[in-house]
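Notes to accompany the following structure.
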Amino acid sequence: MEYWSILLSIVIGVISIHYLFKNFNFFKRHGVIHMPVVPILGSMTPFIFRQMAFTDLIMRMYNFNPNAKYYGFYATITPTFLLRDPELIKSVLVKDFETFPNRHGFNSSAEPLLGKNLFSLRGEKWRNVRTLLSPSFTLSKMKMMFSLMSDCAVEFAEFLSTLSADRSEIDMKDAFTKYTNDVIATCAYGIKINTMKDPTNKFYVYGKEAINFTGFRSLKFFFLRSFPTLSQILNIKFLNDHVANFFKDTIMTTIATRDADHITRPDMLQLMMDIRGKEGRRQLDIDEMTAQAFIFFFGGFDTSSTAMSFAAHEIAVNPEVQKKLQQEIDKGLEESNGEVTYEAINRLEYLDAVISEVLRLYPPVPFLERKCEGSYELPPTLPGEKSFTMKKDMLFWIPVFAIHRDEKYYDNPEKFYPERFLNNRTYHNSSCYIPFGLGPRMCIANRFALLEIKVLLFHLLARCELKPCAKTTYPMKFSKKGLVFKPENGFWLNIQRRTNPMIDSKVDS
């Protein structure tokens, strides 16, 4: 205990000195409007002490000064600028991207899987890997992966449609992570799994462990981000070694099997394998290949299942939306004579509108982050204020969650209203609707995620009814536990099989 007391005292001392002498009073010294300061924990204090959900904290930060284009806050010890103005946001993400090409990222030496992937890579390394991976998500590749997704969705939906009455109340997030696990396993790693029937498979167990942001791990995440050098000295890691080794061994085994048996698949791993030995192309080593495949898992396992869970919740508590959606699905099945194709699913306009509205109310990532790589002059935040010149390594936060709920951009923004997206393209490619980001660093897998969600909802609603139950959180209230974006009581719903679902009659015929 004495050793840990001494170590803790040293850590607190280092943090305090760093904060007080380097960052404390940063915004005050430079005459920038900023939120009130709390030493060490900064503006994150209510979240860290579980007084407020992270999404509610973002809303509070966003509404601190509604007339300002931007202002400062402290993400623990780091002075950070919160952007509110749509034009300024578009400049940072698109027009002036060369000045803001990078995120804060992770330390690649301490956490190779998190530091060497596309999310954390910077500069020329990022460009090279982005160029390499982009062909994985073209329209032609999506069509190839559609059948793999559909197989997973059919197995998933049929499993839920046959649940007995005493098992019909389920946590939808837990169920949907099993589906996203299977989709990513087959589309990125070339591994066939049915997690609904085998929930103890290592791919799922280690995947859940890897993306666990609850409790102490959320604090560890913030510590790693705020003090990367100190974290490396203390050997603090977000991913446990056995999890990292599992994903690395999986990639190595898959590559060896494909090489030995001359197997080719239309997935991300195959693209990385295909550049080996090609003149003029820098091939990725095993750590880099594992990192790219892992971030695909890390990014898709939780965010996609969360989007599906919020979609299921809103569909269940808005029966008129569910009815309209099922009518469109049934009509689509009738027109295609029961054949579920890529083209048939993408013709469903209301399904597309429902998903767009879910991503507005519940964006997969509640804020975006960018790092300044040179001098950049910000305009006056308010009339009469001075401009401010940003320097290298200063950070921006863009509060996506709050922007999507601003009544300046959306009528009745708290209401779930899919019709606002029907025959309306004004929101798309706008800095007021950015569920996947905007500009060159926009989520590379957004097409994949949207198709994955569409396929799942299509097959689920073709077979099942979603209904609220006693455990359903309604009206919505977000959990204060960790970085996890979820309702206070989880995503509990009642699942019932539809009477004479059209999809069965079409298949039987």
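Hydrogens, waters and symmetry mates are skipped; everything else that's a heavy atom, side chains included, is used.
- In this structure, Arg103 satisfies the cation-pi test against Phe119, with its NZ or CZ atom closer than 6.0 Å to the six-membered ring centre and inside 45 degrees of the ring normal.
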message: Quick one, Lys178 with Asp174, criterion salt bridge (charged side-chain N to carboxylate O under 4.0 Å, His left out). Give me CA distance, side-chain angles, the key distance, then yes/no.
response: CA-CA 7 Å; Lys178 294 180 172 67; Asp174 180 67; 2.8 Å; yes
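- Ring pair Phe73/Phe64: centre-to-centre distance not below 6.0 Å.
- With hydrogens and angles ignored, the 3.5 Å screen pairs no side-chain donor or acceptor of Asn489 with any backbone N or O of Thr473.
- A cation-pi arrangement is absent between Lys202 and Phe246, since the terminal nitrogen or guanidinium carbon is not both under 6.0 Å from the aromatic centre and inside a 45° cone about the axis.
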query: Checking ring-ring contact (aromatic ring centres under 6.0 Å, His included) for the pair Phe310/Phe485: CA distance, chi angles, key distance, verdict?
result: CA-CA 10 Å; Phe310 278 117; Phe485 189 20; 5.1 Å; yes
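- Pro413 is not listed as a side-chain neighbour of Asp406, based on a closest heavy-atom distance of 4.5 Å or more.
- Under the 3.5 Å distance criterion, the side-chain polar atoms of Glu314 are left unmatched by any main-chain donor or acceptor of Tyr417.
- In this structure, the side chains of Val358 and His313 stay at 4.5 Å or more apart for every pair of heavy atoms.
- Remark: the backbone N or O of Leu395 is not paired with any side-chain donor or acceptor of Glu369 at under 3.5 angstrom.
- In this structure, the side chain of Ser305 does not engage the main chain of Lys173 through any donor-acceptor pair within 3.5 Å.
- Put simply, the side chain of Thr186 never gets that close to the backbone of Lys192: no donor and acceptor are under 3.5 Å apart.
- Note on residues 164-194: pairs passing ring pair (Phe, Tyr, Trp, His ring centres under 6.0 Å), not counting sequence neighbours, are Phe156-Phe176, Phe156-Tyr179, Tyr189-Phe203.
- Residues passing the salt bridge (charged side-chain N to carboxylate O under 4.0 Å, His left out) test with Glu87, sequence neighbours excluded: none.
- In terms of modelled atom types and a separation under 3.5 Å, the side chain of Ser120 and the main chain of Gly115 share no donor-acceptor contact.
- Atom CE of residue Met61 and atom CG of residue Leu82 lie 5.0 Å apart, to the nearest 0.5 angstrom.
- Ring centroid separation for the pair Tyr71 and Phe27 does not come in under the 6.0 Å cut-off.
- Gln327 has its side chain out of reach of Tyr350: every pair of non-hydrogen atoms, C-beta onward, lies at least 4.5 Å apart.
- Of the possible polar contacts, none joining the His404 side chain to the Pro399 backbone as a donor-acceptor pair under 3.5 Å is found.
- More than 12 non-hydrogen atoms from other residues, nucleotides or ligands lie less than 6.0 angstrom from NZ of Lys371.
- For the pair Leu493/Ile170, no side-chain contact is recorded, criterion being any heavy-atom separation below 4.5 Å from C-beta on.
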Criterion side chain to side chain donor-acceptor pair (under 3.5 Å) on Ser140 and Thr138, from CA distance to verdict: CA-CA 5 Å; Ser140 60; Thr138 59; 3.1 Å; yes
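- Proximity of Leu88 to Tyr70: side-chain heavy atoms (C-beta onward) are separated by under 4.5 Å at one or more points.
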message: Show, in sequence, the C-alpha distance, side-chain angles and deciding distance for Asp330 and Arg498, and conclude whether the salt bridge (charged side-chain N to carboxylate O under 4.0 Å, His left out) test is met.
response: CA-CA 12 Å; Asp330 290 348; Arg498 290 178 64 183; 2.6 Å; yes
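- At least one donor-acceptor pair under 3.5 Å links the side chain of Ser356 to the backbone N or O of Asp352.
- Checking side-chain atoms of Ser161 against main-chain N and O of Arg497 turns up no donor-acceptor pair under 3.5 Å.
- For CD of Glu407, the number of neighbouring non-hydrogen atoms (other residues, nucleotides, ligands) closer than 6.0 Å is 12 at most.
- Listed by chain and residue number, Arg360, Arg420 satisfy the salt bridge (charged side-chain N to carboxylate O under 4.0 Å, His left out) test with Glu357 (two or more places apart in sequence, or in another chain).
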query: Ser150 and Tyr342: side chain to side chain donor-acceptor pair (under 3.5 Å), yes or no, with the steps?
result: CA-CA 9 Å; Ser150 291; Tyr342 176 88; over 6 Å; no
message: Does Leu83 form a side chain to side chain contact (heavy atoms under 4.5 Å, CB included) with Arg370? I'd like the steps, not just the answer.
response: CA-CA 11 Å; Leu83 297 189; Arg370 290 295 184 270; over 6 Å; no
task: Kindly indicate, with the supporting measurements, whether the criterion side chain to side chain donor-acceptor pair (under 3.5 Å) is fulfilled by Asp198 and Thr200.
output: CA-CA 6 Å; Asp198 178 23; Thr200 61; 3.1 Å; yes
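- In this structure, Arg84 fails the cation-pi test against Phe396, since its NZ or CZ atom is not both closer than 6.0 Å to the six-membered ring centre and inside 45 degrees of the ring normal.
- A donor-acceptor distance shorter than 3.5 angstrom exists from the side chain of Gln326 to the backbone of Leu461, with no hydrogens or angles considered.
- Taking the six-membered ring for Trp and the full ring otherwise, Phe401 and Phe367 have centroids separated by 6.0 Å or more.
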- request: Might you work through the ring-ring contact (aromatic ring centres under 6.0 Å, His included) test for Phe296 and Phe137, ending with a clear yes or no?
  value: CA-CA 12 Å; Phe296 188 49; Phe137 304 103; 5.6 Å; yes
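- Residues Met44 and Phe54 are in side-chain contact: their nearest non-hydrogen atoms beyond the backbone lie under 4.5 Å apart.
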